[in-house]
Amino acid sequence: MTSNPKDTEALLSYLLGDLSADEVRKIEERLLEDKALRKQLLELSTEEAALTDWAKSEGVSASLDDR
């Protein structure tokens with residue numbers, strides 16, 4: 001799958017809750033219409049969850065706080 005950097009940025013912002021209500025509405029409309037975009041969102045959310053779990057298990061945030 002070829003991903004558009006702007007779509008990736010929008011999806012990451014969507015996952016992080018960093019979008020305005022209007023931006024959320026627009027991305028959700030696109031998600032309803034675009035299977036590839038839905039697949040990309042699923043992949044990004046899976047990666048984000050895995051990285052979060054890894055960071056928690058390795059104490060990454062604690063070691064960063066020490067710096």
Side-chain angles (χ1 to χ4, degrees):
M1 169 182 71
T2 304
S3 63
N4 175 330
K6 287 188 177 196
D7 284 345
T8 301
E9 184 178 335
L11 291 172
L12 288 171
S13 293
Y14 178 76
L15 286 172
L16 295 171
D18 291 340
L19 298 179
S20 68
D22 189 50
E23 291 168 320
V24 168
R25 181 187 54 75
K26 287 177 183 176
I27 196 78
E28 288 179 346
E29 285 176 359
R30 289 194 56 217
L31 286 164
L32 287 172
E33 299 170 359
D34 189 338
K35 182 179 180 177
L37 194 64
R38 288 192 303 273
K39 182 178 178 187
Q40 186 179 3
L41 177 64
L42 177 61
E43 291 170 354
L44 288 171
S45 64
T46 301
E47 290 171 6
E48 190 274 336
L51 286 170
T52 298
D53 289 346
W54 170 80
K56 287 178 182 176
S57 71
E58 295 293 322
V60 172
S61 61
S63 65
L64 291 175
D65 289 341
D66 292 341
R67 294 182 183 175

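Throughout, numbering of the chain's residues begins at 1 and tracks the sequence.
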(Q) When you group the ILVMFWY residues by side-chain heavy-atom contacts below 4.5 Å and let the links chain together, are L51 and L11 in the same group? (A) no
Going hydrophobic residue to hydrophobic residue with side-chain gaps under 4.5 angstrom, can you get from L31 over to L42? no
In E23, E29, E28, the residue satisfying side-chain hydrogen bond (donor to acceptor under 3.5 Å, both in side chains) with R25 is E29
| query | Residues in side chain to side chain donor-acceptor pair (under 3.5 Å) with S45, at least two apart? | reply |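 Scan of S45 (side chain to side chain donor-acceptor pair (under 3.5 Å), adjacent residues dropped) gives none.
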TODO: Decide salt bridge (Lys or Arg N to Asp or Glu O under 4.0 Å) for D22 and K26; before the verdict, give the C-alpha distance in whole Å, the side-chain angles of both, and the deciding distance to 0.1 Å.
DONE: CA-CA 6 Å; D22 189 50; K26 287 177 183 176; 3.3 Å; yes
| request: Taking the side chain as every heavy atom from C-beta outward, state whether E9 and L12 have any pair of such atoms under 4.5 Å apart. | output: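 E9 vs L12: side chains apart.
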Taken to the nearest 0.5 Å, the spacing of I27 CD1 from L15 CG works out to 9.5 Å
Give the minimum heavy-atom separation between L19 and S13, together with the two atoms involved.
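Distance-wise, the nearest heavy atoms are CD2-CB, 3.4 Å.
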Closest heavy-atom pair, D7 versus R30, reported as atoms and distance to 0.1 Å, is OD1-NH1, 2.8 Å
Determine, step by step, whether L44 and Q40 satisfy the side chain to side chain contact (heavy atoms under 4.5 Å, CB included) criterion, reporting the C-alpha distance in whole Å, the side-chain angles of both residues, the deciding distance to 0.1 Å, and the verdict. CA-CA 6 Å; L44 288 171; Q40 186 179 3; 4.1 Å; yes
